[in-house]
Structure formats: C-alpha cells, structure tokens
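I have placed the structure first, in the form of structure tokens, so that the comments after it can refer back to it.
Just follow the structure's listing: the first ligand is 1, and inside any ligand the first atom is 1.
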Amino acid sequence: MKSLITQGVRILGTGSAVPDLVINNHQMSEIVETSDKWIINRTGIKERRVLTGVNKSVVDIAYFAAIRALQQVGMNPLEIDLIILATSSPNDLFGSASQLQAKIGAYKAVAFDLTAACSGFVIGLVTATQFIQNGSYQNILVVGADVLSKWTDWSDRNTCILFGDGAGAVIMQACSVEKNSILGFQLNTDGQKYDQLSLRYREHINSSQNFQFFQGAFQYITMNGKEVYKFAVSKVPANILQCLDSLNISSGDVDWLLLHQANERILNAVADRLSIESNKLLSNLSKYGNTSAASIPLALDEAIQEKKILKDDIIVISGFGAGLTWGTIVIQWKC
Ligand code: UT7
C-alpha cells in the first residue's frame with residue numbers, strides 16, 4: 001500500500017515494564033495439571049509475570065514503559081502529539097489511553113486505544129507512521145500493553161500456561177525523508193476465523209416490566225491452539241516474504257527477526273521457512289510468556305538495552321493473533 005510521504009519517521013527510543021510477581025512452570029503445575037517439562041517442550045516458556053494488587057491495571061504498567069522511553073530520550077511529555085495504546089485488556093471499555101495521557105502528563109497529546117490483540121503493536125506502529133509521514137504529527141508514543149492474566153481462565157491448562165503481563169513503548173519522531181527508518185509494511189485480517197481465539201462477550205436478557213434489555217459481560221480467553229499454530233506458521237512467513245519482496249529486500253539482508261512471542265516452536269518454524277538463522281531471532285519468551293500487544297516492544301527494548309541492534313540493521317517485525325490478524329513492518333534502525 002502506498003502513501004504520500006512528506007516526512008520520514010525514526011524510532012527515537014524504547015522502554016518497557018513488567019510486574020514483579022513471577023510465576024514459574026513448577027508453580028503453574030500447582031494451579032493446573034501440567035509440568036515444567038511439557039510447557040518448556042511445547043512452548044519454550046519457563047516463567048511469566050502477573051500483575052497483582054487492588055485496582056492495578058494495564059495503565060500502571062503502560063505508565064512505567066512510557067516513562068522509561070521518555071527518560072531514555074530525554075523528552076518532556078508535553079512534546080508528545082499522539083499516544084496510541086495497543087491493548088486488548090483495558091480497564092475501561094471507553095479506552096485506557098486517556099488515563100495514560102494524564103498519568104504521564106502528556107496533556108497536549110491526543111490519545112486513543114487500538115484493539116488488535118497480539119498484532120496491536122505492529123498496527124500501532126503502522127498507524128503512527130501514517131500520522132508522521134503525512135505531516136500531521138511530530139512525536140508519537142506507541143505503547144503495547146496487556147494484562148491478559150485478568151482474562152485468563154486459570155483452570156484451562158490449554159491457555160493459562162501461555163500468557164503473561166507486560167508493557168513496551170516506543171517514541172517515534174518525524175525526520176527528513178532521507179533518514180526514514182520505516183521501510184514498509186503488510187497487514188492482513190481473516191475475520192472468518194475470529195472464533196479461533198477470542199475473548200467473547202456473553203449476553204443475558206434483563207427484563208423490566210415493559211422492555212427487554214440485552215446485557216452481558218466478557219468471558220475468559222478461549223483458543224483453538226492447533227489451528228492458531230497452523231495459521232501462524234503458514235501465514236506469517238508468507239506475509240513477511242510478501243513485504244520483503246515489495247521492498248526488494250531478501251531474507252539474507254535481514255539482521256533481526258522480531259516476532260510476536262507466542263511459542264518458541266512458532267518462532268523457529270517461521271525463521272526456518274524464511275531461511276533466517278536462529279541467532280537472528282530475538283526471543284525473550286522463556287521469561288515472560290505471551291504478553292500479547294506487549295511482546296514485541298518488550299523484546300525490542302531488551303535488544304536495544306543489550307546493544308544487540310546496531311545502526312542500519314534491518315529488523316523484520318511481525319505480529320499475529322486474534323482476529324485473526326497478522327502483519328509485518330520492516331525497519332532500518334537509525335539511532
Ligand atoms: O498470541 C496469539 C497466538 N497464539 C498462539 O500462537 C498459540 C498457538 N498454539 C500453540 O502454541 C500450541 O498449540 C499450544 C502450546 C497452545 C499447545 O501445544 P500443542 O502441541 O498444539 O498441544 P495440543 O493442544 O495438541 O495438546 C497435546 C496434548 C493433549 O493431550 P492428548 O489429547 O494428546 O492426551 C492436551 O490435552 O497435551 C495436552 N495438554 C497439556 N498437557 C500438559 C494441553 N495443554 C497442556 C498443558 N500441560 N498445559
């Protein structure tokens with residue numbers, strides 16, 4: 001997809017945050033019938049973080065990730081024009097981004113939530129890129145944050161062993177077109193498979209004397225693991241290849257492959273299909289599990305802190321999950 005580019009985009013800085021409580025696989029086996037061995041063999045996950053505390057929400061961890069990104073680049077929150085909070089676990093269905101705006105003191109920023117589950121952060125990056133490239137905004141904070149522990153059925157071993165809570169943030173800034181670091185993207189949705197992974201709303205009828213009101217509540221996460229697995233290992237590499245082809249970049253030119261951290265076997269299968277060596281795969285799945293919209297910015301921030309990513313490196317970033325949605329964005333690191 002082509003857009004009118006009046007200015008370039010660069011990623012100025014990153015930040016991340018995870019809650020303190022660690023639950024390892026041995027502790028999971030006290031909650032459901034499972035084992036450390038099964039979880040490691042099938043997923044690569046060793047432990048995950050869970051947000052606890054009265055009234056603690058996605059906003060609290062998004063706040064720390066955002067503040068760390070701002071501190072890293074020495075930016076005053078008042079310089080931010082837009083905040084995009086990619087989350088599927090808000091603490092208010094009208095949106096959590098505005099609370100984040102107030103909490104970090106970014107009073108001049110427009111703020112909205114973006115709901116696209118595990119693809120949310122990639123779609124957030126693409127959305128922010130449009131606002132900068134068309135000249136609308138200069139500085140954008142994109143946060144991927146989720147607290148799926150609040151929506152996990154802790155008696156369902158098919159899902160509860162997978163998820164963890166976390167947040168990651170990036171600050172994107174306008175720059176000259178020559179220095180543009182967002183090379184291209186490719187997004188997809190298959191709504192016909194929405195029920196393979198969902199957090200459904202269930203309705204009941206509330207009858208008063210004259211009317212029937214159809215009201216309800218959201219349930220727990222349900223997932224057809226096998227189908228989602230098959231979808232990920234087939235659609236994600238195809239999507240990445242399509243994106244790379246459109247940019248005339250070969251998979252041999254890729255320095256880093258940063259995939260949504262869902263399952264180590266998925267990461268390896270995608271890298272294999274692209275003939276990308278495993279030492280180019282960024283992974284922190286063993287420590288955090290699947291943190292949904294947070295998984296990519298969390299791993300990106302970690303790789304930046306560890307100084308793995310160097311100037312001019314090409315990073316292929318892909319998110320995939322509920323919707324079903326999947327998408328790739330290709331970045332050349334300029335900072
Ligand atoms: O973020 C969105 C993207 N999400 C994903 O990408 C998830 C994709 N799916 C997966 O990662 C994998 O399908 C899972 C990790 C969820 C499951 O792995 P699997 O190799 O597909 O296992 P399975 O569902 O086929 O189950 C194999 C066996 C079953 O037992 P039987 O029927 O063979 O006797 C399950 O009941 O393993 C059993 N099982 C477990 N055993 C111990 C399922 N969950 C567990 C568990 N501990 N936690």
Side-chain angles (χ1 to χ4, degrees), residues 23-48 86-89 115-123 144-166 168 188-190 193-200 220-240 257-271 273 281 283-286 288-299 317-328:
I23 301 185
N24 65 31
N25 290 345
H26 296 291
Q27 291 164 310
M28 285 303 306
S29 69
E30 291 160 13
I31 302 171
V32 286
E33 197 183 329
T34 190
S35 66
D36 179 49
K37 193 170 164 216
W38 191 97
I39 301 173
I40 289 182
N41 285 343
R42 301 287 178 128
T43 70
I45 299 167
K46 292 182 180 158
E47 57 190 39
R48 68 286 293 142
T87 186
S88 298
S89 42
T115 308
C118 306
S119 304
F121 185 74
V122 168
I123 299 177
D146 266 310
V147 286
L148 291 189
S149 65
K150 293 184 182 292
W151 299 100
T152 298
D153 179 350
W154 288 98
S155 66
D156 175 14
R157 68 177 184 173
N158 293 298
T159 53
C160 73
I161 53 117
L162 296 172
F163 299 109
D165 301 337
N188 289 89
T189 299
D190 181 359
K193 299 209 171 78
Y194 87 95
D195 59 349
Q196 301 297 323
L197 175 50
S198 64
L199 206 172
R200 234 164 268 159
Y220 290 129
I221 296 166
T222 57
M223 179 175 73
N224 181 342
K226 274 201 183 315
E227 284 309 310
V228 177
Y229 188 97
K230 281 193 263 174
F231 141 74
V233 297
S234 65
K235 299 290 186 191
V236 176
N239 176 268
I240 291 173
L257 183 58
L258 174 46
L259 304 174
H260 164 52
Q261 308 283 298
N263 183 324
E264 199 75 47
R265 289 188 293 145
I266 295 178
L267 306 196
N268 291 328
V270 173
R273 289 192 188 193
L281 249 183
S283 170
N284 61 9
L285 189 72
S286 65
Y288 304 122
N290 178 344
T291 56
S292 190
S295 87
I296 289 171
L298 201 53
I317 300 178
S318 285
F320 54 89
L324 297 176
T325 52
W326 62 106
T328 296

Is a side-chain N or O of [X] found less than 3.5 angstrom from the main chain of [Y], in a donor-acceptor match?
{"X": "T87", "Y": "A145", "result": "yes"}
{"X": "S29", "Y": "S35", "result": "no"}
{"X": "N158", "Y": "M223", "result": "no"}
{"X": "N239", "Y": "K235", "result": "no"}
{"X": "R48", "Y": "I161", "result": "yes"}

Do S318 and T328 meet the criterion of a side-chain donor-acceptor pair at a distance under 3.5 Å?
yes

Step through the shown structure and confirm whether more than 12 heavy atoms of other residues, nucleotides or ligands are within 6.0 Å of NZ on K150.
yes

Does the side-chain contact (heavy atoms from CB on, under 4.5 Å) test come out yes or no for W154 and S149, once each step is laid out?
CA-CA 8 Å; W154 288 98; S149 65; 3.8 Å; yes

Closest protein heavy atom to [atom], given as residue, atom name and distance to 0.1 Å:
{"atom": "atom 9 (N) of ligand 1", "result": "G225 O, 3.0 Å"}
{"atom": "atom 43 (C) of ligand 1", "result": "N158 OD1, 3.3 Å"}
{"atom": "atom 11 (O) of ligand 1", "result": "N263 ND2, 2.8 Å"}
{"atom": "atom 3 (C) of ligand 1", "result": "V228 CG1, 3.8 Å"}
{"atom": "atom 17 (C) of ligand 1", "result": "W38 CH2, 4.0 Å"}
{"atom": "atom 18 (O) of ligand 1", "result": "R265 NH2, 3.5 Å"}
{"atom": "atom 22 (O) of ligand 1", "result": "R42 NH1, 3.4 Å"}
{"atom": "atom 48 (N) of ligand 1", "result": "R157 O, 3.0 Å"}

What are the atoms of ligand 1, with element, lying closer than 4.0 Å to any heavy atom of [X]?
{"X": "H260", "result": "1 (O), 2 (C)"}
{"X": "I161", "result": "48 (N)"}
{"X": "T43", "result": "15 (C)"}
{"X": "N290", "result": "1 (O), 2 (C)"}
{"X": "L197", "result": "2 (C)"}
{"X": "M223", "result": "4 (N), 7 (C), 16 (C)"}

Protein non-hydrogen atom below 4.0 angstrom of [atom] present:
{"atom": "atom 46 (C) of ligand 1", "result": "yes"}
{"atom": "atom 25 (O) of ligand 1", "result": "yes"}
{"atom": "atom 34 (O) of ligand 1", "result": "no"}
{"atom": "atom 5 (C) of ligand 1", "result": "yes"}
{"atom": "atom 20 (O) of ligand 1", "result": "yes"}

Of the backbone atoms (N, CA, C, O) and the side-chain heavy atoms from C-beta on, which set of V32 has a member under 4.0 Å from an atom of ligand 1: side chain, backbone, both, or neither?
neither

Using a heavy-atom cut-off of under 4.0 Å, does the side chain or the backbone of A262 touch ligand 1, or both, or neither?
side chain

Counting C-beta onward and ignoring hydrogens, is there a side-chain heavy-atom pair between R265 and Y229 closer than 4.5 Å?
yes

Decide yes or no for I221 and L197: does some side-chain heavy atom of the first lie under 4.5 Å from some side-chain heavy atom of the second?
yes

How many angstroms lie between CZ in F163 and OG1 in T291, if you round to the nearest 0.5 Å?
10.5 Å

T325 side, atom OG1; K193 side, atom NZ - distance, nearest 0.5 Å
13.0 Å

Minimum heavy-atom separation for N284 and Q261, please, with both atom names.
N-OE1, 2.9 Å

